[in-house]
Protein chains: 2
Amino acid sequence: MRFRDHFAAMIEAGTLAPGTRLPPERALAEEFSITRVTVRQALIRMEAEGLIFREQRRGWFVSPPRVHYDPTANTSFTESITEQGRVAGTTVLSKQQVAASKWESTHLGCAVGDPVFIISRLRTVDGRPVLVEQIYVKAERCPGLLDYPLDQSMTDLMASKFGIIEHRAQINMRPTALSEVPAKALGVAVGTPSLYLSRAILDQFDEVVELDQEFWRHDAIDICVSAAGRASG
Amino acid sequence: MRFRDHFAAMIEAGTLAPGTRLPPERALAEEFSITRVTVRQALIRMEAEGLIFREQRRGWFVSPPRVHYDPTANTSFTESITEQGRVAGTTVLSKQQVAASKWESTHLGCAVGDPVFIISRLRTVDGRPVLVEQIYVKAERCPGLLDYPLDQSMTDLMASKFGIIEHRAQINMRPTALSEVPAKALGVAVGTPSLYLSRAILDQFDEVVELDQEFWRHDAIDICVSAAGRASG
DNA sequence: ACCATCCACTGGTCTATACCAGACGAAAAG
DNA sequence: CTTTTCGTCTGGTATAGACCAGTGGATGGT
């Protein structure tokens, strides 16, 4: 598809600056003498490649550079983004107390029905939403947690107010596609590719003290982790 | 889209076993009284979600479970897959010596034009290709490397034959889409979502001794890493 | 000056159809 | 029995058009 190649070349060559808005699909179709369906296939492919992104019914834009993120590091999201010369933002979408379902009880290591806090937050970089996260903690361990300011580092809060210190974390990641709820929060189309990242934080007794689920825009993240020596590979 | 929901429910409920072939797109279109274009959108969406996958012009199939993979761990690909009760396979696609380009020289820490070995391998799980990898090493450090059997653990080989021991690794990951070459090797359509994983292996002098680039099927992998305690998050 | 309303424009979904290209199996040739 | 040929079935790409549903700016009322 020459259309895709044309645009991909322009973007990679830096002719089009990040954030630039592309012409409407109908205009592109006419300009290149192809169907809108075809334009769409090409755009979606470039989206999958991370070159461009869309905002719901607003248009297509050239993607900004990915942010580096080390899920194993000792820096918070905000710190990490700031170090990269960009502006981080956090919004609390919801906070609630629920009775643990089967899923929550097994992942948090508590009984079904136990009180659990669920905090949902949206995080932005340079004003653009890049991930939604859902934080699960056992309510008993953090009384009154929801009354503290929740748009800051959860780990700092847990440590200073409840004496909960992270000892180890088990991190899982996999590419997936966004379902309705996180898609709406990120302001993208349902089914958009994304990266699912979960982090189970354990204390020194190997008890789960916090469970994070993060849904990242697939084009926003570049995960960097450092590993100590291996014996074989 | 009720079509997508119908199938997604069937697959998640386990009604359709992994590896099961779906009816042809045309048959599905007729059965659900929708267009083939629409069927295709739904199928591609389910593919993005990791529920199903396709083989070039052969049909659509229900995805097998993801394999767990720890890029920071002390186990090789084969060991790790075997532990999960599945069968790993490795095929050498190509091996060659080239003069380092700009890209290779900067990533390997050598001069442009220096001799570099490039080994390309395909790795399978239960017979299904899950990743293609490209291994770059400085030729001077591993004389005759290409004459050794290359379908086994590279790190073992490097250690036993050339005394090269991994001290640290820098790993990067990001979701992307497959370009023509790796797509062909994996037997999937160009533009299919994938996970790009690169691993720079450093020795005790922080010199790069090996550079791996892995292109994973996005629906085949579940990355698991373990992190030692953090101070904030 | 502010706010509510409206409407044009955007992408999102869908119908209907056509032809191309590779995979694969059956039939024909050696 | 093996090899080659060939046709059928698969997905892959494309055209042409229609309507729906939020966004956001212009418009007009207060």
Side-chain angles (χ1 to χ4, degrees), chain A residues 1-8 19-48 51-63 127-129 177-181 183-193 217, chain B residues 1-8 19-48 52-63 127-129 177-181 183-193:
Chain A
M1 298 180 191
R2 61 189 199 291
F3 166 64
R4 193 214 78 89
D5 293 339
H6 174 77
F7 258 87
T20 305
R21 183 177 184 164
L22 271 59
E25 294 177 1
R26 286 167 237 258
L28 289 171
E30 194 169 353
E31 184 183 346
F32 288 84
S33 300
I34 52 180
T35 315
R36 209 184 126 207
V37 176
T38 311
V39 167
R40 216 135 206 289
Q41 286 180 352
L43 291 171
I44 288 171
R45 162 116 172 249
M46 286 192 273
E47 181 190 45
L51 292 174
I52 60 177
F53 69 98
R54 47 184 153 171
E55 291 183 9
Q56 280 282 35
R57 289 170 216 276
R58 295 215 322 113
W60 295 87
F61 304 83
V62 177
S63 295
R128 177 188 178 218
L178 290 172
S179 61
E180 203 160 335
V181 176
K184 195 161 187 180
L186 286 174
V188 303
V190 176
T192 302
R217 292 189 70 118
Chain B
M1 294 185 182
R2 61 187 199 291
F3 166 64
R4 193 214 79 90
D5 293 341
H6 174 78
F7 258 88
T20 305
R21 182 176 186 164
L22 270 60
E25 294 178 2
R26 285 168 237 259
L28 288 171
E30 195 169 353
E31 184 182 347
F32 288 84
S33 301
I34 53 179
T35 315
R36 208 183 125 210
V37 176
T38 310
V39 168
R40 221 140 200 285
Q41 287 181 350
L43 291 171
I44 288 170
R45 161 114 172 251
M46 287 191 273
E47 180 190 44
I52 59 176
F53 69 98
R54 46 182 155 176
E55 290 183 9
Q56 281 283 33
R57 288 168 217 277
R58 294 217 320 114
W60 294 88
F61 304 83
V62 178
S63 296
R128 177 187 178 219
L178 290 173
S179 61
E180 203 160 335
V181 176
K184 194 162 188 179
L186 286 174
V188 303
V190 175
T192 303

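Here is how names work: the chains are called A, B, and so on, in the same order as the sequence lines, proteins then strands, and each is numbered from 1.
- Atom CD in B:E180 sits roughly 14 Å away from atom C1' in C:dG22 (whole-Å rounding).
- Per the geometry, CG belonging to B:L28 stands 12 Å off C1' belonging to D:dG11, to the nearest Å.
- Distances were taken from every side-chain heavy atom of A:A189 (C-beta onward) to each of C:dG12, D:dA16, C:dG11; the shortest belongs to C:dG12.
- Between A:V37 and B:R54, the residue anchored nearer the 5' end of DNA chain D, judged by the nucleotide with its closest heavy atom, is B:R54.
- For the pair A:R40 CZ and C:dG11 P, the computed distance is 8 Å after rounding to whole Å.
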task: Could you walk me through whether B:F53 and B:E55 pass the side chain to side chain contact (heavy atoms under 4.5 Å, CB included) test, one step at a time?
output: CA-CA 7 Å; B:F53 69 98; B:E55 290 183 9; 3.9 Å; yes

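- B:R26 pairs by the side chain to side chain donor-acceptor pair (under 3.5 Å) definition with nothing, not counting sequence neighbours.
- Checked by atom type, the side-chain pair A:E25/A:W60 shows a donor-acceptor distance below 3.5 Å.
- Contact annotation: A:T35 does not reach the phosphate of D:dG17 (side-chain N/O to OP1 or OP2, under 4.0 Å).
- In this structure, the side chains of B:R36 and B:R40 come closer than 4.5 Å at one or more pairs of heavy atoms.
- Atom CD in A:E25 sits about 17 Å away from atom P in D:dA16, given to the nearest Å.
- Rounded to an integer number of Å, the gap from CD of B:Q41 to C1' of C:dG12 is 9 Å.
- For A:R58, a side-chain nitrogen or oxygen approaches OP1 or OP2 of D:dG24 to under 4.0 Å.
- Atom CD in B:E55 sits roughly 12 Å away from atom C1' in D:dG11 (whole-Å rounding).
- Between B:R36 and D:dG12, a side-chain N or O to OP1/OP2 separation shorter than 4.0 Å is absent.
- In this entry the distance linking CD of B:E30 with P of C:dT15 reads 14 Å, nearest Å.
- Checking side-chain atoms of B:Q56 against main-chain N and O of B:G187 turns up no donor-acceptor pair under 3.5 Å.
- Going from atom CZ of A:R45 over to atom P of D:dA14 covers 10 Å, rounded to whole Å.
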What does the list of N/O pairs under 3.5 Å between the protein and nucleotides 20-22 of chain D look like, with a distance for each?
residue: D:dA21; atom: N3; partner: A:R57; partner atom: NH1; Å: 3.1

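- When all heavy atoms are compared, the tightest approach of A:L28 to A:P23 is CD1-O, 3.6 Å.
- Closest approach of A:E180 to A:V190, counting heavy atoms only: CA-CG2, 3.9 Å.
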